[in-house]
Engineer: 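Sharing a structure here in structure tokens format.
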Amino acid sequence: MKVEFKQVFDRLREKKGFAFDTWGYNICIYAFGCWGDLGASLTLFKEMKLKEEEIGPDLCTYNSLISVLCKVGRVNDALKVFQELKEGSGHEPDEFTYRILVQGCSKTYRVHNATLIFNEMQYNGFRPDTVVYNSMLDGLFKARKLTEACQLFEKMIEEGVKASCWTYNILVDGLLKNGRPEAAYTLFCDLKKKGQFVDGVTYSIIVLQFCREGQLEEALQLVEEMESRGFVVDLVTITSLLISIHRHGRWDWTDRLMRHVRESDLVLSVLKWKAGMEASLKNPKSKRGDFSDVMSFITNAQDVTLDSQHGSNFQDKESSVNKIDEWSSSPHMDKLAESSLSTSQLFTPSRAQRVQEKGPDSFDIDMVNTFLSIFLAKGKLSLACKLFEIFTDAGVDPVSYTFNSMMSSFVKRGYFTEAWAILNQMGENLCPTDIATYNMIIQSLGKMGRADLASAVLDRLLKQGGYLDVVMYNTFINALGKAGRIDEANKFFEQMKSSGINPDVVTYNTLIEIHSKAGRLKDAYKFLKMMLDAGCPPNHVTDTTLDYLGREIDKLRYQRASILSERDDTS
DNA sequence: ATAGGGTTAG
């Protein structure tokens, strides 16, 4: 489609005497932007402005451009175009302009900007609808602004804007994300009593939470209830449950799951698939598919010790050719970073598409992903690899969720090179990379002790118009801390706060941990206090970390005491 | 088209 469009576009442009009208320009700006060719969009926009006399940009042009910029994650540029629209275009923003911008800002944690635009929208006489409110709410919750989010919800009700099921799901999930599990659960129960506003996703959110807390019994009970009320227990839910069941080594519970899921075909297929796959594992003759390159990477990964050694091998070969960037000691890494980061639109604010069940034909890939998740959760990399091989042999197109799963496992084992190879493969297959994928790269670089490279990747990411969310910041702060770069970690903590992202439990736990491991006990204590002052409730990880901190403080006291007593002895 | 994933500890 994209190619055909481009061909038609080029042919039209070559034609003598042909010129686009406003509508033509608008369509092209939007289309190229959506397909990642932002350069083409911007060129057309500039061209349009030069022809101001005949066909200047209209409001629709501005909205298209703003929406395209937001989609690609270049919200700052979108905001600039928005300014231009208001100041020098002779047009006024309409409700679509405001809606696009609120969504763009909320999604990229620019909650402050989102709020300003939201207010301006109302000042200019536009009434935000449910979707705009939902978007604002989600942004506030994501940025851990619990109080503001609750206030906004109240305002929404006061203004008579109808809350939808999505609104409540955002609310329930937001309360969980902000460390208020009791409130989330109470809200969930209230909603159930009222009967409306509960759907499969609501249940899924709560089931996921139970799984996360290891409360399998409760999770299963809820699934039963979900079924009895006629909600579909979908693949996302089943995957969470199966992972949790497997993690606790309770495959016998799958019987229970099956008994209660109406569409027990789904679970049954999972189990059948498992049996079939185990059989094919015993029978290791497998033909190579189109992905033999990746596959050799993956299957060999077991036996190769990588990272630093590999890096230096490449360095010997290539250091004479490549100039060395000041931020890196590995030209090989530079090259990789160069080749994959220069590809257009590697990083967008939208999530990579999750695998959806699309009927019996696409069922296999769903199963593959389910099992990948299960094996990966257990660290059974070899099984996961085999599985990956089997389904690529079967000619199934890889999807980004699969890639993310694979990457995550490699990264956890420290096989960064493979992860990066997969990322490149992903680019070739035009799978959208999302923030989770990049998060894994940062994580792995941190594990390799290469915080320098991590910050370079991050730098380029930001230059491309990407943004960082809480998880990204947390991962990166952790990576810096583990590499002993405590001051930089602190710097990022400040940057995080100033860009409107509120730290969460994980942030504080990480900060307390890295400071106490670095022997900066006072700072560690400072962050504990900060955490409590911010009204952020500690969790069980905090306890573990504090135990460590406590022991370190005791050790210090003991040392001091012994130094003092030595002094006493000598004097 | 705004929700269910990816981060810390052991």
Side-chain angles (χ1 to χ4, degrees), chain A residues 67 71 99-100 102-107 114 128-142 163-174 176-177 197 199-209 211-212 233-241 243 349-356 369 373 376-377 400-401 403-405 407-409 411-412 433-444 446-447 468-479 481-482 503-514 516-517 538-549:
Chain A
S67 124
K71 215 173 255 170
R99 169 191 291 218
I100 295 163
V102 166
Q103 285 174 182
C105 291
S106 277
K107 213 190 258 172
D129 61 1
T130 310
V131 175
V132 176
Y133 267 103
N134 286 353
S135 190
M136 281 295 299
L137 281 173
D138 185 51
L140 288 169
F141 276 123
K142 269 203 291 211
S164 66
C165 204
W166 280 45
T167 317
Y168 286 109
N169 287 342
I170 290 169
L171 236 52
V172 172
D173 182 61
L176 288 177
K177 277 206 184 92
F197 305 126
D199 66 358
V201 176
T202 331
Y203 273 97
S204 179
I205 293 169
I206 303 286
V207 167
L208 206 80
Q209 176 66 13
C211 287
R212 216 177 278 138
V233 182
D234 67 354
L235 196 72
V236 178
T237 320
I238 290 189
T239 307
S240 317
L241 281 162
I243 289 176
S350 44
R351 289 177 166 200
Q353 215 189 344
R354 203 184 169 97
V355 183
Q356 300 270 330
N369 281 304
S373 318
L376 296 177
S400 58
Y401 185 69
F403 279 119
N404 275 355
S405 313
M407 299 252 310
S408 144
S409 72
V411 159
K412 280 189 181 126
T433 313
D434 70 352
I435 194 158
T437 313
Y438 265 96
N439 200 29
M440 285 165 196
I441 294 175
I442 303 293
Q443 192 195 347
S444 69
K447 290 232 162 90
L468 305 183
D469 69 358
V470 221
V471 181
M472 266 285 217
Y473 269 110
N474 289 348
T475 313
F476 193 57
I477 288 174
N478 181 48
K482 292 282 151 64
D504 65 356
V505 220
V506 179
T507 323
Y508 287 116
N509 286 346
T510 310
L511 283 167
I512 294 171
E513 199 225 331
I514 62 176
S516 45
K517 291 250 158 88
N539 62 10
H540 66 286
V541 181
T542 322
D543 295 340
T544 321
T545 316
L546 287 183
D547 280 347
Y548 181 85
L549 180 63

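In what follows, chains carry the letters A, B, and so on, assigned in the order in which the sequence lines appear, proteins first and then strands, with residues in each chain numbered from 1. In this text, all values refer to a predicted model and were calculated from it rather than measured experimentally. In what follows, every heavy atom counts, from backbone to side chain, and hydrogens, waters and symmetry copies are set aside.
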Engineer: Check the phosphate of B/dG5 against A/Arg212, side-chain N and O only, distance under 4.0 Å to OP1 or OP2. Yes or no?
Structural biologist: yes
Engineer: Specify the separation, in whole Å, of atom CE of A/Met136 and atom P of B/dA3.
Structural biologist: 15 Å
Engineer: Between atom CG in A/Asp129 and atom C1' in B/dA1, what is the gap in whole Å?
Structural biologist: 11 Å
Engineer: Look at the side chain of A/Val506 and decide which nucleotide, out of B/dG4, B/dT8, B/dG6, has an atom nearest to it.
Structural biologist: B/dT8
Engineer: Quickly work out the A/Asn474 CG to B/dA9 P distance and round it to whole Å.
Structural biologist: 12 Å
Engineer: Which whole-number value in Å describes the distance from A/Leu546 CG to B/dG10 P?
Structural biologist: 13 Å
Engineer: Taking the side chain of A/Thr475 as its heavy atoms from C-beta onward, which of B/dT8, B/dT7, B/dT2 lies nearest to it?
Structural biologist: B/dT7
Engineer: Among the nucleotides B/dT2, B/dT7, B/dA9, which one has an atom lying closest to any side-chain atom of A/Glu513?
Structural biologist: B/dA9
Engineer: From the set B/dG10, B/dA3, B/dT8, return the single nucleotide nearest to any side-chain atom of A/Asn478.
Structural biologist: B/dT8
Engineer: Which one, B/dG4, B/dG6, B/dA9, comes nearest to the side chain of A/Asp469?
Structural biologist: B/dG6
Engineer: Does A/Lys107 put a side-chain nitrogen or oxygen below 4.0 Å from OP1 or OP2 of B/dA1?
Structural biologist: no
Engineer: Could you check A/Thr544, A/Thr542, A/Asp543, A/Asp504 and say which one makes a side-chain hydrogen bond (donor to acceptor under 3.5 Å, both in side chains) with A/Asn509?
Structural biologist: A/Thr542
Engineer: Examine the base of B/dG4 for any acceptor or donor lying under 3.5 Å from a partner atom in the side chain of A/Asp199, and report the outcome as yes or no.
Structural biologist: no
Engineer: Please determine if A/Asp138 and A/Lys107 form a salt bridge, counting it only when a charged side-chain N lies under 4.0 Å from a carboxylate O.
Structural biologist: no
Engineer: Rounded to whole Å, how long is the line connecting atom CG of A/Leu176 with atom P of B/dG6?
Structural biologist: 14 Å
Engineer: Using whole Å, what does the distance between atom C1' of nucleotide B/dT8 and atom CG of A/Asp543 come to?
Structural biologist: 13 Å
Engineer: Need one value for A/Lys482: base, sugar-phosphate or nothing, where a base atom within 4.0 Å counts as base even if backbone is also close, heavy atoms only.
Structural biologist: sugar-phosphate
Engineer: Looking at B/dT8, B/dT2, B/dG10, which one has an atom nearest to any side-chain atom of A/Lys517?
Structural biologist: B/dG10
Engineer: Counting N and O atoms only, with roles assigned by atom type, does the side chain of A/Ser67 sit under 3.5 Å from a partner on the main chain of A/Ile100, one being a donor and the other an acceptor?
Structural biologist: no
Engineer: Which part of the nucleic acid, if any, lies within contact of A/Ile205, taking any heavy atom under 4.0 Å across all strands shown: a base, the sugar-phosphate backbone alone, or nothing?
Structural biologist: sugar-phosphate
Engineer: Starting at CG of A/Asn509 and ending at P of B/dA9, how long is that distance when rounded to a whole Å?
Structural biologist: 10 Å
Engineer: For A/Tyr203, give me all partners under ring-ring contact (aromatic ring centres under 6.0 Å, His included), at least two apart in sequence or on another chain.
Structural biologist: A/Phe188, A/Phe231
Engineer: What is the distance from CG of A/Asn169 to P of B/dA3, rounded to the nearest Å?
Structural biologist: 11 Å
Engineer: Taking only residues two or more places apart in sequence or in another chain, which ones pass ring-ring contact (aromatic ring centres under 6.0 Å, His included) with A/Tyr133?
Structural biologist: A/Phe118
Engineer: Considering only side-chain heavy atoms of A/Val471, which listed nucleotide, B/dT2, B/dA3, B/dT7, is closest?
Structural biologist: B/dT7
Engineer: Ignoring hydrogens and angles, does a donor from either the side chain of A/Asp138 or the base of B/dT2 sit under 3.5 Å from an acceptor on the other?
Structural biologist: no
